[in-house]
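Since the structure comes first, as structure tokens, the remarks are kept for the end.
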Amino acid sequence: MRISNKEKAYNMMFIAPALILFMVFNLYPILRTIQLSFFEWNGIDRHMTFVGFQQYIDILFYNPIFWRSMLNAGYITLLSLTLQNGLALMLALLVNRQIRGDNIYRVIFFLPPVLSGIVVGLIWRFVYDGNHGILNHVLVYTFGLEQFRDFAWLSEIRTALSAVTVVHMWRGFGYGFIILLAGLQTIPQDLYEAAEVDGADAWQQFKYITAPLLIPVFTLVSILTVLGSMQIFDLIYSMTRGGPAGHTHVPITRIYEYMSNGEFGYATAMAILFGIVLLVVSAAQIYVSKKLNR
Amino acid sequence: MNVHLIKKRILDSVTHVILITVALTCVFPVFWMLSSSLKTQDEVFTSMRLLPQSWRFSNYLEAFVQADFGVYFLNSLFYTVVGVFFIVFITSLAAYGFARLEFWGRNALFYILISTLLIPIPGVFIPLYLLLKNLGLLDTRTGLLLCYIAGGLAFGIFLLKSFFDNLPKEIEEAALIDGCSRFGLYWRIALPLARPALATLVIMNSLTIWNEFLLALVVLQDRTKMPIQRGLMVFQGTFITDYPMLMAGLTIATIPVVVIYLFMQKHIIKGIAAGALKG
């Protein structure tokens, strides 16, 4: 059936509100970011100085502060990928054993992920508090570890980043757990029954049935973990604001800082470089998982 | 009792011990927030009792009135309700268009839209800040709302389009013959059928907007317009040691989320899992 132009125009009305909003508030900002990254601009002056790739080069080769923040985010991400996702996988396997109360566990494990980053950060700031925090109280009075009396976890250079990472993982593991559990439940039960008949033990069943079928789901969880951990902001902002002495700064807190200091062009170049890093890492993960799946 | 059964019993017990330990770790900080919100400042500083000595519910009154958490709470409610309403209306309309109707550049537009879901765009708050400034919408409720609505577009259209794609066309074709308009088909037939997907959309976006912080930080300076996440940081910056009051504020910010979560957990957990596995 041919549709008249008049009808097509009428149909356009359905997507018009979304389209207009999308172009103004999603598409235009992306293009604007790219454009700004080639200019030196303080956000106020009428005049913007075109500098080509100068800001990119400066960030890549002469900005240790930015790379330091990248390393910090990398540290958080690496621990999340291993410890947090390892825990999530273990819990998903345990709950999937048709255990009593599995729904209660599911509800409780997913509680931290629904809380806001600010709320989680501020609760844990209180828990970590050197003088009045319950963590030190337990360490000193229950375990007799005197060295933790008045120990300020979040202002000590040695512990601040790890302390934040623990909270990030506390908030994040439930998310991976839910997705992995859903993935496990899509594996047909009769595969295991057949394996049992053939005399496969639990480890063999895991190795030859569960693991290969779970790889795509695990890859997805890993990608979400990388994107979420690298772009961490709310937790850092509410717990340390990048301190002590920049030891918990991450890319987004730096980008925000540069923007607040009026270096709009420089901040956008940083955002784009960071976006490229995220894309490359995600693509690499998909590539590796495809290789593994063969 | 045979060996197999005993082995299973032991395995089950070990499993429960592990799971309960993790569950306690999840719940304790939230419990500690609640408990501390009902203590006095003195008690927080001197004792670590699990429950408050005397339950100071007046902390909440003070938090609501003196610390402005009442204002922040109402602001958050406003942003969430209005934002979610527009997201659902705009995305369902567009998703119906993409799923059922013909117009110029339909596929191209859809793919451009969806690609923003896949490409990470950190730092997009910078151009948004500049855009709102140029539009004269910086530090306004409208400006923040527009950012929130735009942020929900791609996911909403993606979710609802795949839902509409799976709806049988026959009902709509029959209604079309009976003289129902295109908009009528969307409004009277497709939208009511999409209720489960709409519920997912409402819940996910409510949580996202209620918990959002970064855009609120960039867009707003005026305290009377701030949502509660932003208000919490303002309070924390000014009254750094008033822990019971801060915990009361945190609880106020958390109660709606937890209530919605507990009532809708099936939807949320299914939505997360299904959304992730599809994508």
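Chain A is the first sequence line, chain B the second, and so forth, proteins listed ahead of strands; every chain is numbered from 1. If you're wondering where the values come from, they're calculated on a predicted model, not measured in any experiment.
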Check your understanding: Which bit of L27(A) is near chain B, if near means a heavy-atom gap under 4.5 Å: side chain, backbone, both or neither?
Key -> side chain
Check your understanding: Where does F173(A) contact chain B at under 4.5 Å (heavy atoms): side chain, backbone, both or neither?
Key -> side chain
Point to revise | Close side-chain approach of Y28(A) to L131(B), heavy-atom, < 4.5 Å | key: yes
Point to revise | Which portion of D129(A) sits near chain B, non-hydrogen atoms under 4.5 angstrom | key: side chain
**Study point:** R171(A) versus chain B, the contacting section by heavy-atom distance below 4.5 Å
**Key:** neither
Check your understanding: Side chain, backbone, both or neither: which part of V257(B) has a non-hydrogen atom closer than 4.5 Å to chain A?
Key -> side chain
**Study point:** Any P29(B) side-chain heavy atom under 4.5 Å of W124(A) side chain
**Key:** yes
Check your understanding: Would one find more than 12 heavy atoms of other residues, nucleotides or ligands at under 6.0 Å from atom CZ of F86(B)?
Key -> no
Check your understanding: For F110(B), is it the side chain, the backbone, both or neither that has a heavy atom under 4.5 Å from a heavy atom of chain A?
Key -> neither
Check your understanding: What part of M90(A) is in contact with chain B, defined as an atom under 4.5 angstrom from a non-hydrogen atom: side chain, backbone, both or neither?
Key -> side chain
**Study point:** I252(A) side chain reached by F125(B) side chain, heavy atoms, under 4.5 Å
**Key:** yes
Check your understanding: Does any heavy atom of chain A fall under 4.5 Å from the side chain of L207(B), the backbone, both, or neither of them?
Key -> side chain
**Study point:** Engaged part of L113(B) at the chain A interface, taking heavy atoms whose separation is under 4.5 Å
**Key:** both
**Study point:** Contact class of F22(A) relative to chain B, heavy atoms under 4.5 angstrom
**Key:** both
Review point. Does any heavy atom of chain A fall under 4.5 Å from the side chain of Y261(B), the backbone, both, or neither of them?
Key: side chain
Practice item. Look at the rings of Y186(B) and F14(A) and say which category their plane angle falls in: under 30° parallel, 30 to 60° tilted, over 60° perpendicular. Key: perpendicular
Check your understanding: Can you say whether A9(A) sits under 4.5 Å from chain B via the side chain, the backbone, both, or neither, judging by heavy atoms?
Key -> both
Review point. Which heavy atom of P29(A) sits nearest a heavy atom of V124(B), and at what distance?
Key: CB-CG2, 3.9 Å
Study note, to complete from the structure: Okay, L19(A) and chain B: the region with an atom under 4.5 Å from a heavy atom over there is side chain
Review point. So which part of V127(A) gets closer than 4.5 Å to some heavy atom of chain B, the side chain, the backbone, both or neither?
Key: side chain
Review point. Where does L135(B) contact chain A at under 4.5 Å (heavy atoms): side chain, backbone, both or neither?
Key: side chain
Review point. Which bit of L115(A) is near chain B, if near means a heavy-atom gap under 4.5 Å: side chain, backbone, both or neither?
Key: both
Check your understanding: Looking only at heavy atoms, which two atoms of I44(A) and K133(B) are closest? And how far apart?
Key -> CG1-NZ, 4.4 Å
Practice item. Under 4.5 Å heavy-atom distance to chain B, tell me which part of F109(A) shows up: side chain, backbone, both or neither. Key: both
**Study point:** Minimum heavy-atom distance between I157(B) and A18(A), given as atom pair plus value
**Key:** CD1-CB, 4.0 Å
Revision key, fill the gap. Honestly, the part of F89(B) sitting under 4.5 Å from a heavy atom of chain A is neither
Practice item. Spell out, as yes or no, whether a donor-acceptor pair under 3.5 Å connects the side chain of W170(A) to the backbone of T25(B). Key: yes
Practice item. Over all heavy atoms of both residues, which pair between C26(B) and P112(A) is shortest? Give the atoms and the distance, please. Key: SG-CG, 3.9 Å
Practice item. Name the region of T91(B), side chain, backbone, both or neither, that has any atom closer than 4.5 Å to a heavy atom of chain A. Key: neither
**Study point:** Sub-4.5 Å side-chain heavy-atom contact between I126(B) and T33(A)
**Key:** no
Check your understanding: P122(B) and L278(A): which non-hydrogen atoms are nearest, and at how many Å?
Key -> CG-CD1, 4.3 Å
Check your understanding: Between L130(B) and chain A, which part of the residue has a heavy atom less than 4.5 Å away: side chain, backbone, both or neither?
Key -> side chain
Review point. Quick one: what part of L279(A) sits under 4.5 Å from any heavy atom of chain B, side chain, backbone, both or neither?
Key: both
**Study point:** Pick from I255(A), L21(A), V119(A) with the largest number of heavy-atom pairs that fall under 4.5 Å of chain B
**Key:** V119(A)
Point to revise | Under 4.5 Å from any heavy atom of chain A - which part of I87(B) | key: neither
Exercise for review: Please check if the side chain of D12(B) supplies one atom and the backbone of I99(A) the other of a donor-acceptor pair under 3.5 Å.
Suggested key: no
Review point. Should M233(B) and R241(A) count as side-chain neighbours, where that means a heavy-atom distance under 4.5 Å?
Key: yes
**Study point:** Heavy atoms from other residues, nucleotides or ligands near CZ of F31(B) exceed 12 (cutoff 6.0 Å)
**Key:** yes
Point to revise | Any side-chain heavy-atom pair of M48(B) and V138(A) under 4.5 Å | key: no
